[in-house]
Structure formats: structure tokens, C-alpha cells
Protein chains: 4
Amino acid sequence: MDAGMKIKAAAIDLFARDGYAATSIRDLARAVNMTNAGIYHHVTSKEALLADLMRVGQLGLIDATDRLLAHRPAPADRLAVLIGSLTAIHALNPMTTRVMDGELRSLTPGSSARDEIIALRDRYEDRWRTTLAEGADQGDFRIPDQRLTRLALMAMCTGTSEWYRPDGDASLERVCAEFVAIGLASVRSRVQVSMRLDLSLLPDYPWEPHVDPRVDPAGRHPIR
Amino acid sequence: MDAGMKIKAAAIDLFARDGYAATSIRDLARAVNMTNAGIYHHVTSKEALLADLMRVGQLGLIDATDRLLAHRPAPADRLAVLIGSLTAIHALNPMTTRVMDGELRSLTPGSSARDEIIALRDRYEDRWRTTLAEGADQGDFRIPDQRLTRLALMAMCTGTSEWYRPDGDASLERVCAEFVAIGLASVRSRVQVSMRLDLSLLPDYPWEPHVDPRVDPAGRHPIR
Amino acid sequence: MDAGMKIKAAAIDLFARDGYAATSIRDLARAVNMTNAGIYHHVTSKEALLADLMRVGQLGLIDATDRLLAHRPAPADRLAVLIGSLTAIHALNPMTTRVMDGELRSLTPGSSARDEIIALRDRYEDRWRTTLAEGADQGDFRIPDQRLTRLALMAMCTGTSEWYRPDGDASLERVCAEFVAIGLASVRSRVQVSMRLDLSLLPDYPWEPHVDPRVDPAGRHPIR
Amino acid sequence: MDAGMKIKAAAIDLFARDGYAATSIRDLARAVNMTNAGIYHHVTSKEALLADLMRVGQLGLIDATDRLLAHRPAPADRLAVLIGSLTAIHALNPMTTRVMDGELRSLTPGSSARDEIIALRDRYEDRWRTTLAEGADQGDFRIPDQRLTRLALMAMCTGTSEWYRPDGDASLERVCAEFVAIGLASVRSRVQVSMRLDLSLLPDYPWEPHVDPRVDPAGRHPIR
DNA sequence: CATGAATGAGACTTCATTCAT
DNA sequence: TATGAATGAAGTCTCATTCAT
């Protein structure tokens, strides 16, 4: 692995565990066995590093989602894909997604980097918005409050990054299926859907450790 | 309001918005129109302040939950109360609950304060654990993976603090009812429940602003 | 004991043990069970408190010395008294003398308080200077370097405050006798002297605890 | 001189003159023309700096003493070496020895650094203890109270750092000889000793200024 | 007398970052 | 590339002291 990627891998790990603000360049340097100053040969600034990770993260999410949505016109199908993929991506990339979901506030307000990430996030959320709207318009869904439904379902999916363990009882497939069922139920979908998610289409974040987030072995809520 | 409470109110606000690590004592002092040093007349240390907020927060959550669970032996009833109250508390106290849910990592590992908060959190989660277990044992619920179910449902409820707006379309009552329905469905409850939550039994955090978390006025996912 | 004296007693203890610079008003207040601000009803300032202790200490030393020297014209007699009394005062008032000997540097340079203490110290040392000079002039002593002799002897006497223990093997009387012998030997005194020190003429510092300085029970050099 | 040593030289000077507690990192930085933060590139912490100085100081003292004691079995000889070397080291390194002798209390109680320094000090004092004990056992010395004798003699020797001036009347050689004579007299040594101290075996503290401690030009007791 | 509250200054230390080598 | 050295700003917290109550 080249130095730049090693830095990103360490950064994702530290940012996800301790938070961006609580992670110092020194911590990062120590984690990759480098000098404080050495980091700056591969990284413009601490904030640019965070922005890079978030940008690539969001782009990967959008690309994967669009690939998976292709040729699926039915709203119920599309909603199933949105739920399943968002859940799987969070389960498989807990570090990256925690940073993506939780560190937007660490980007300087007004900076172009922040505006860019917000725009990407909005672009992603549009897939949800339009899917719910079309489902409602076409009579496939019955949704009293679309915003509420969207946010609650997304929270359920993204929450996965906080607790999912590949070595736990539930297979990822089952978790996704369960969440899809819940989602379709909560929009009173007329049709049921049996989704099969092609995991190979999910984004691959090269810095993601593919190691589970630390979880209390007693099975309690993860300590974070 | 006395100075100590004003400090706590400002602290909850800043910790929830910017995070504990990104909030400086100077920020806090500025927010309450005090000197840097004046803060320390009312607070032992920045970390002790966080621990205080979290401790009282957790105790309030546990007390309220136990009051609401009293005299409700049926698992379906109990689960409905757990879901409804956790949701309502997060909706009504978004600042306090965000700090409670997200800043455990900011307490020094090994410190007694951290251990105490973890113990309180575990005590609360026990209500969920036993409820699901009893429901499964008595045949009221059918749950393939109790841990999965518990964590997913809790994530859905706690997520409320990130997006709920009292002035939105959905009333809090409806959100709770919806979540209870989802929860009962996801455990395949034999019985349905129509819950009526007595809001006056919920905890009252004197520092909670009772002002909505900042939400992007365009109705998009909250910025955090 | 009135409050003012309780404060002085605590101050001598803390200043002697931890040093003036390392002792805070808060430490002092805690030691006397008072508020931080309460101290200032009895004391002008931290530095004035130190100056008071040192002034009274020096005056007591001078007065006692002069009383003991009265009616003793012979240089050997006078030197014996100087050695014996300085030793005894340090042995019996270790806290006060440590502060007197070691905290002059803590008085603001150029302040009138500091100048006053320096003048008192010089006045005391004059007794030594003139005694050694007269002894040499009158042929009673043979001293190659009077300054050297004076400073070495005084260092020996004052060192007592660092290690003397009333419950040790050597009685104070024997220590004094021994030191007197060493002193007379080091000035090649023609005459020997058998001194009997009237302890009742020594100064009584009302704040001095009359408790021994803490000494390593293994008998090693005192820790501080 | 490299920066680290310049810092140590300035630290010894300031610690000796003003005391560790009264010396701020800013004072130190100013003395070496550096930024406050620059100091921390060379030093772990203020206390670690003090501990380093004291550790090297004690090790140098022990090493030099052992080298000088080698091949000198006779107690009288050994005592002469102990007195002479301790005196010379204090006379020639007044700054370092003042810090060594007076700042033990500034090391945090219970810290490993403090325990280490105490152990080294005890190791050094063992040379005195055993020498006096052997001299008494073998009938060469007659000592009523060994602890008293040891502490008094050591106080006399270490006191040198407070007043010795190389430009004064008395040569260092003469001071040492005088103190040795006093010491042998005070233990009633049967044999006399004419010691010749090889100064090149004494420790060389690279930070010691080799400038005399500040002395009141009027020749009075040093101001400290 | 005593205290709770407050403060400006300054304590030690870490921060992200730069730059000559 | 990499690093040792350096820095201005800022971090948390304590200082001696004052003052209204």
C-alpha cells in the first residue's frame, strides 16, 4: 500500500473512532509511523484530508446506488434497492460511513469543500425523495409524511454502521431483507419485493479496514 | 436562571452542535458572557461537565422509562412503551440525547465517570433486552435475532433527535405510533397495541432549549 | 488560637514543606478550613504574609542572640553562644528557620519588605563577623579566612533544621556541644569553653508546630 | 552548543536561582531565545526536564565518588574522600547541586521519576553510612551517633554550594582540607590523612555554567 | 467577618502548519 | 521524500486578588 493510502486508512480509523476534532496530526503520524511533517507531503491539510475521504465516500455511494437502480422503474423495487444498499454499505464500511454521516460539521462553514459535500449528499437524498414521491403519485405507496418516512428509514439504515458485526448471528442478507420489509410496510406498499443485492456493485473504499467496529463482546450497544 | 444552569444549557447546545472536542471552554464562556476563568467557579472541568450532563440524562431516561413501564406486564405493551418513550424523549430533547448518544467516547477511557455512564446505559438497555426475551419466551414475539432487532429499533428511535421538527407535518404522536407499529411488526407480535404516552412522565432536562435542532429549511437531511 | 495565628501556622508548614512559590492561597485556605477570600481578612497579600513570618523570625533570632551574648566579652564564649543558639533555634524551629533561610528569593527584588529582611539578616551576621574579627585581633583565634569560616560554620548550624529529630539518639544538648567543639577547633581557639545554653531565652515562634519535620524513619537523609 | 543543552544550561541557572516552582516555561524560553512551544521540541515536560537534570546529577556524583573511593580500604581515607569530593563537587557545580539538593520536593509524589531519584540519593548516602559504620567497627573512629555525624558533615559539605567563590581568599583545596580535618576530628579518627583530590575525576555537568553563584559583593551571606 | 462570584493574567501544554536541510 | 526544528495560536486550567452581599 502506498503512503497516501496508508494515511487515509489510518485517518478513517481515527476519525471514526475518536472523531475528527479529537484526532491530531500527531496521532495520525504515529499511526502510520511517520513524522509529523511527513504527513504534509501527502496531504494538503487536515481538513482537506477529511474532505477527500468524504467526497470519495459520497461519490462511491451515489455511483453504486445509480448502478443498482438502473433498469428498475418500479418504485417498490427502487425503494428496496435504496434500503438494501444503504444498509449494506453501512454494514460493510462502518468507518467510512460513520465519518461521512457524522463529520460534516467539521468542515468549515462556507468553505467550498463543505458546499461540495452537501451538494453530493443532497444528490444522493434526491434518489430517496423522488422514489417516495413517485411511489406515492403512482398509488404504489401510501405515505402520510414523506419527509418523516424518508428520514426515519435512512436513520434505520445508517444506524447499521454502529452495531453490525459480520460474525454476529444475523447475516447481512437477512438484515437487509428485514429492513426492506420494514420499509415497504411503512409506506404501505401494494406490492412485495424480493430483492437480491449484487454486493459486487457496492463501492469499495480502499482505506476501509474491513475489520468490524469494536463492539462490546457482551453484545450490548456498541461503546463507540 | 442561575449561572450553573446557564452554563449547562450553553454546553448542551455547543456539545450537540459542534461536538465536545470541538467546543472550547472559551466558546462556552463566550456563550454565557463570562470569563474563561469564571466558568471554573461553577464547573470542575470540561470533562466533568460532560459527565454531569450525561449522568443526569441517563438517570432521567431510566426513571421515566421505569415509571412508564410500571404495571404493564405484557411484552407487547412494554415494547410499545420502550419504542414510544425513547422516540419521544429524543424528539423532545434532541440536544441532550445527541450528547448522550454520541459523546461517550469523549470520556477518558478507564475513568470512573465513563464507567458510571456505561453502567447506566447498560441498565437502560436491559429493559429492552428483557422485554424482547420475555416476549420471545412467552410466544408473543417471533424474533430471529434479538440483538439485531434491539439495535435496529433503538437506532430508529434515537435517530429521531437528528431530524424531528415540532413544526413539521407529522405530530410527535404520529411518529411514535408509526414507530411502534414498525417495531411490533418487526417482532411479529401476535397482539397489536394502541399506546397512549403520558408525556408528563417524560424526563425534563432543565438545560434543554426546547428549541428545535437546526434543520436545513429546504427540508433536507439535517446538517449536523 | 485566633484565626490570624492559625493562618500563620498553616503558612509556615506549607511554605517550609512545599516552598512559597508552590503554595497557593487556595492550599492555605483549605488547610485552615476557610474560604479563599476569607484569608484576605487577616492577611494583606501572600507576599506580605511571607514577609511577616520572616521579619518576626529574624527579630526573634536577633533578640535571643543578643540576650544570650550579654555579659560575655570573651570571643570564645561568644562564638560558642552563636553556634549553640543558632543550632538550637534551627533544631527547635525547623519550619520557621527553613522559610527564613530559603525563601528570601521569593520576596520581590527591590521591595521594601525584602530590603528590610536583608538588613535584619545582615544585622544578625554582624554578630558573627565581629566575634570572629575580635577573636582574631585579640589572638584568641587563628583564622586564615574569616568569611570562609563564618559561612561554613553557619551552614553547619542551619543545616540542623533539615535533619534534627528530637526523638533521635542525640540530645539537642549533645549536638550543640559537638558543634561548638567543631567550631572552636576550626578557629584554633586557645581556650576551650563549656557552654550551657539557657533554652528559655530562645525565641518562641507561636506558629511553629513543635512537631518534628518529617524524617524518613530508616534514618536516611530527610527526603525533602 | 545544541539546543537541548542550551535549554538545560538555562534551566539549571533558573531553577537554582529562583526555584523550580517559580520558574516558568516562558522564563526558560526567553532565556534561550525560543518560543514557548519550541522548548517542547526538546523537552517532554517541565518536570521531566527537572528529573533529567537531577538524575544525571546524581549518577555523576555516584560515579565520581566510586572512582575516587576505589582502592582506598581505610575508613579514614574513605571519609576524607567523601568529604573532599562532596565539598568540591558542590563548590564547582553550585547550580547543579543546589537543584539536586533542594528540588526533590518538586517531583510529583509517587511518580517513578521521584522514586528513581530518591533511590539514587540513597545509594549515594550508603557510601557515607557504610564508611562511618566500618570506621566505628574497626575502632578507627569513635562516633556517639552515626546518623547525627553523617548528616551534620554532609550539611557542611553541601552548604558550600551556597557560598563558595573561586575568586575568594580561600582556595578550594584549602576549604576541602579544612573540612576533612573537621570531619576527622568529629569522628575522633585515630589516624590523620593528607588527601590529594584528583579534580579530573569529578563529574562534569555540561550545563553547569562554571560561573560563580551570585554573591553579595559585600561578602555577606549569599542572597540566594 | 465571611463568602460566592468574578476576573485578568498567566500557568503548562498541544495544535496545525511551515521550512531549511 | 522525509525530517528536525520551530512557531503563533489556542487548548485547559490555576493564580492572586477584589468586591458586593
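Per chain, numbering begins at 1; letters A, B, ... match sequence-line order.
Looking only at distances, no side-chain donor or acceptor of Thr35(A) sits under 3.5 Å from a matching main-chain atom of Ala37(A).
When all heavy atoms are compared, the tightest approach of Leu49(B) to Ala11(B) is CD2-CB, 3.7 Å. When all heavy atoms of Ala3(A) and His42(A) are compared, the closest pair comes out as CB-CE1, 3.5 Å. Across every non-hydrogen atom of Ala10(A) and Val32(A), the tightest pair is CB-CG1, 3.5 Å.
Comparing Gly38(C) and Ile39(B) by the nucleotide of DNA chain E that holds the closest heavy atom to each, the one mapping nearer the 5' end is Gly38(C).
Straight-line distance from the NZ atom of Lys6(C) to the P atom of dC1(E): 13 Å, rounded to whole Å. One interatomic measurement links the two molecules: CG of Leu14(B) to P of dT12(F), which rounds to 12 Å at whole-angstrom precision. Here dA16(E) presents its P atom at 10 Å from CG of Leu28(A), a figure rounded to the nearest Å. Regarding Met34(B), its CE atom lies at a distance of 13 Å from the P atom of dG8(E), rounded to whole Å. Across the protein-nucleic acid pair, Leu49(A) atom CG and dA16(E) atom C1' stand 13 Å apart, rounded to whole Å.
For the pair Ser106(B) and Glu47(B), the minimum side-chain heavy-atom distance is 4.5 Å or more. Taking 4.5 Å as the limit, some side-chain heavy atom of Tyr20(D) sits within range of a side-chain heavy atom of Lys46(D).
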- Task: Test side-chain contact (heavy atoms from CB on, under 4.5 Å) on Val99(D) and Met54(D) and set out the steps.
- Result: CA-CA 7 Å; Val99(D) 171; Met54(D) 295 188 73; 4.3 Å; yes

- DNA chain E in dot-bracket, Watson-Crick or G-U pairs under 3.5 Å, [ ] crossing, | other strand? .||||||||||||||||||||

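Within the 4.0 Å cut-off from OP1 or OP2 of dG4(E), not a single side-chain nitrogen or oxygen of His42(B) is found.
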- Footprint string (nucleotides 14-21 of chain F, 5' to 3'): B base within contact, S backbone only, - free, heavy atoms under 4.0 Å: BBSBBB--

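Residues Asp115(D) and Ser112(D) have side chains that never bring a donor and an acceptor to within less than 3.5 angstrom of each other.
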